[in-house]
Amino acid sequence: MDLDTITSISTPMGEGAIGIVRLSGSQAVEITDKLYKGKKPLAEVDSHTINYGHIIDPETNEVVEEVMVSVLRAPKTFTREDIVEINCHGGILTINRVLELTMTAGARMAEPGEYTKRAFLNGRIDLSQAEAVMDFIRSKTDRASKVAMNQIEGRLSDMIKRQRQTILEILAQVEVNIDYPEYDDVEDATTEFLLEKSEAIKSEIDRLLATGTQGKIMREGLSTVIVGKPNVGKSSMLNNLIQDNKAIVTEVAGTTRDVLEEYVNVRGVPLRLVDTAGIRETEDIVEKIGVERSRKALSEADLILFVLNYNEALTEEDVKLYEVIKNEDAIVIVNKTDLEQRLDLDEVRDMVGDMPVIETSMLKQEGIDQLEEQIRDMFFGGEVQNQDMTYVSNSRHISLLKQARHSIQDAIDAAEAGIPMDMVQIDLTRTWEILGEIIGASASDELINQLFSQFCLGK
C-alpha cells in the first residue's frame with residue numbers, strides 16, 4: 001500500500017535533552033535528504049543506522065540544527081514503510097522549525113495515531129495490537145503495562161485467530177452435511193463435531209470474559225471516591241495515598257470546593273482516586289456546585305471510601321451518607337484515631353453490616369497499609385494473578401466477546417434442537433465475524449478511523 005509520506009514531532013512538547021521529528025513513507029529518506037548535510041547522503045547509508053549531520057534550510061542555506069538521523073528501511077520498521085527519525089536538541093523552537101522544513105520539503109502532517117494506523121493497514125499488527133499500543137502508553141502500573149505488552153505481542157490476537165480457524169473447520173464440516181443430506185451418519189458426525197468444537201470455543205470466550213473485570217481495572221483504573229461529611233480527613237487520605245500534598249488540608253469545614261482527581265498505584269491496583277467536596281446542605285454557591293459534582297462522582301464510582309470521625313459521635317449526616325452508598329462496594333474508614341474516642345464502633349458496625357471497617361490516623365499515617373490490602377483483596381482476591389495470563393481489558397473487546405458468546409450459544413442450542421444445519425451455519429458465521437471485529441479482520445473504515453483518532457499525535 002503506497003501512502004503519502006507523513007511527519008510529526010514524536011516526543012512530548014517542552015524542553016528536554018532530545019526532541020524527535022519522525023517521517024514515514026516511501027519518500028521519507030528523499031525528503032530528509034533535501035534538508036540533511038552529513039558525511040554522505042542518507043540515500044547511501046545502511047538501513048538501521050544513525051548518522052551525524054546538520055539540518056539546513058534549503059532557501060537560506062542556514063544551519064538550523066545539529067542532528068543525529070536514524071534511517072530505517074521497509075519492511076523491517078514499525079509501519080513497514082521507510083522511517084526517518086531526526087534527533088534534535090529538545091528546544092521547542094528548533095524542533096518546530098525542523099518539522100516545518102520537512103513539510104515544506106514534501107511531507108504531510110500526520111494525523112493522531114497515523115503511524116500505528118499505517119502499521120495496521122500494512123499488516124504489521126492487527127487492530128487489538130494497535131489498541132494495546134495506546135494502552136501501554138497510558139498504563140498507570142507495572143501490571144497494566146504487562147497486560148498491554150502481552151496484547152502488543154499478539155497473545156489475544158493469536159487466541160482469537162485460533163477460535164476463528166476452529167469455526168472455519170466447523171463450517172467446512174457443515175457444508176459437507178448440506179451437500180450430502182441423504183447420509184444420516186454424516187449428519188450425526190457433523191452434529192457431534194459441531195457441539196464439541198463449539199463448546200470449546202464458548203469455554204475459551206468465558207475464560208477471557210472472566211478476566212474482563214480485572215483487565216478493565218488495570219487498563220482504566222478503579223474509579224474510587226472518598227466520601228464523608230466535611231473535615232473528617234478525606235483530603236488527608238488523598239494526600240497520604242498519593243504521597244503528595246495535592247489537596248488543601250485545614251481545620252475549616254468545606255475547604256474542598258471541587259472534585260480532585262489523581263491516579264495512584266495501590267498494591268498493583270490502579271485507582272482513579274477522587275476526593276469530593278463534603279456532601280452537605282449549604283448556602284455557599286461555590287460549595288453547592290462542588291457538592292453536586294460529588295454526588296455525580298459517587299454515582300459513577302467502582303469503589304467508595306466512606307470516612308467517619310473517631311473523635312465525633314455518629315451523626316444524622318453520617319447516617320444519610322451511608323444510606324446513599326449502602327448498596328455499593330465500599331470500605332468504611334474510621335479516621336483520626338490519634339484523638340479521643342467519641343465514636344461508638346459497635347454502632348458503626350451494626351449500621352454498615354458486612355462492609356469492611358478500617359481504623360486510621362492520617363496524621364500519624366497509621367492504617368494505610370491495612371486499607372491498601374483491603375482494596376487489593378476486594379478486587380483481586382488478595383492474589384497477584386499470573387502475569388503471563390492473557391487478559392481482556394478493552395471495553396470494545398469485552399462487548400464483542402459477549403456478543404460472540406451469545407451467538408455461539410445460539411448455534412449450540414440450534415444444533416441440539418435438531419434445527420437444519422444451514423440455519424446453524426448462520427450463527428456460526430456470525431460468531432466468526434464478531435471475533436474478526438476484535439482483530440480488525442471485519443472492522444469498518446469508520447470504526448478504524450474513530451479508534452485511531454483517539455491516539456496521541458506522533459504515535
Side-chain angles (χ1 to χ4, degrees), residues 1-11 18-59 64-65 67-88 94-127 129-134 137 152 154 439-441 443-459:
M1 186 180 292
D2 190 13
L3 301 169
D4 57 351
T5 298
I6 55 175
T7 183
S8 70
I9 297 171
S10 292
T11 44
I18 295 174
I20 298 175
V21 175
R22 175 186 291 159
L23 297 90
S24 180
S26 59
Q27 293 185 300
V29 176
E30 179 185 338
I31 288 170
T32 310
D33 254 339
K34 295 177 184 179
L35 315 171
Y36 172 78
K37 185 175 182 181
K39 188 174 180 180
K40 58 182 177 179
L42 297 174
E44 299 176 11
V45 305
D46 293 335
S47 180
H48 292 72
T49 60
I50 189 163
N51 307 272
Y52 171 77
H54 293 84
I55 295 296
I56 310 294
D57 185 333
E59 290 189 4
V64 175
E65 249 288 28
V67 295
M68 299 290 289
V69 180
S70 300
V71 175
L72 304 99
R73 295 191 179 277
K76 294 183 178 180
T77 67
F78 179 63
T79 60
R80 283 192 174 165
E81 301 172 333
D82 287 350
I83 288 180
V84 173
E85 292 186 345
I86 306 172
N87 295 262
C88 311
T94 54
I95 195 170
N96 271 305
R97 181 87 183 278
V98 172
L99 175 66
E100 290 169 6
L101 288 173
T102 62
M103 289 190 285
T104 302
R108 170 178 63 78
M109 186 69 178
E111 298 172 359
E114 191 167 3
Y115 294 96
T116 309
K117 182 178 180 180
R118 289 186 174 209
F120 166 68
L121 293 175
N122 292 328
R124 169 72 171 72
I125 55 177
D126 66 33
L127 198 56
Q129 290 172 297
E131 290 171 286
V133 170
M134 189 51 63
I137 293 170
I152 291 172
I439 58 176
S444 66
D445 290 342
E446 183 180 356
L447 171 65
I448 291 167
N449 290 334
Q450 191 272 331
L451 287 175
F452 285 107
S453 70
Q454 300 172 27
F455 278 50
C456 56
L457 193 65
K459 195 61 185 172

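Not measured: the values here are computed from a predicted model. Reckoned from all heavy atoms, side chains included, excluding hydrogens, waters and symmetry mates.
Annotation: side chain of Leu23 is in contact with side chain of Ile86 (closest heavy-atom distance under 4.5 Å). The closest side-chain heavy-atom distance from Asn87 to Ile20 is below 4.5 Å. Counting only heavy atoms from C-beta outward, the side chains of Val98 and Leu35 never approach each other to under 4.5 Å. Side-chain contact check for Leu101 versus Ile56: every heavy-atom pair is 4.5 Å or farther apart. Counting heavy atoms from C-beta outward, Met109 and Leu99 have side chains that approach closer than 4.5 Å. Gln129 places none of its side-chain heavy atoms less than 4.5 Å from the side chain of Val133.
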Could you tabulate the donor-acceptor pairs under 3.5 Å formed by side-chain atoms of residues 67-79, not counting sequence neighbours?
{"residue": "Arg73", "atom": "NH2", "partner": "Leu42", "partner atom": "O", "Å": "3.4"}
{"residue": "Arg73", "atom": "NH2", "partner": "Ala43", "partner atom": "O", "Å": "3.3"}
{"residue": "Thr77", "atom": "OG1", "partner": "Arg80", "partner atom": "N", "Å": "3.0"}
{"residue": "Thr77", "atom": "OG1", "partner": "Glu81", "partner atom": "N", "Å": "3.2"}
{"residue": "Thr77", "atom": "OG1", "partner": "Glu81", "partner atom": "O", "Å": "2.6"}
{"residue": "Thr79", "atom": "OG1", "partner": "Ser24", "partner atom": "OG", "Å": "2.9"}
{"residue": "Thr79", "atom": "OG1", "partner": "Glu81", "partner atom": "N", "Å": "3.2"}

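Residues passing the ring pair (Phe, Tyr, Trp, His ring centres under 6.0 Å) test with His48: none are found, sequence neighbours excluded. Lys40 pairs by the side chain to side chain contact (heavy atoms under 4.5 Å, CB included) definition with Glu44, Val45, not counting sequence neighbours. In this structure, Gln27 has no side chain to side chain donor-acceptor pair (under 3.5 Å) partners at least two apart in sequence or on a different chain. Among residues two or more places apart in sequence or in another chain, the salt bridge (charged side-chain N to carboxylate O under 4.0 Å, His left out) test is passed with Glu65 by none. Evaluation of the side chain to side chain donor-acceptor pair (under 3.5 Å) rule for Asn51 yields Thr49 as partners, not counting sequence neighbours. In this structure Asp82 satisfies the side chain to side chain donor-acceptor pair (under 3.5 Å) test with no other residue, sequence neighbours excluded. Every residue was checked against the side chain to side chain donor-acceptor pair (under 3.5 Å) condition with Thr104, not counting sequence neighbours, and none meets it.
Judged purely by distance below 3.5 Å, without hydrogens or angles, the side chains of Ser10 and Tyr115 never pair a donor atom with an acceptor atom.
Remark: Lys34 NZ is packed, more than 12 non-hydrogen atoms of other residues, nucleotides or ligands lying under 6.0 Å away.
Among all heavy-atom pairs drawn from Ile439 and Asp126, the shortest one is O-CB, 3.2 Å.
For residues 97-109, the salt bridge (charged side-chain N to carboxylate O under 4.0 Å, His left out) pairs, not counting sequence neighbours, are Asp4-Arg108, Asp57-Arg97, Glu62-Arg97, Arg108-Glu114.
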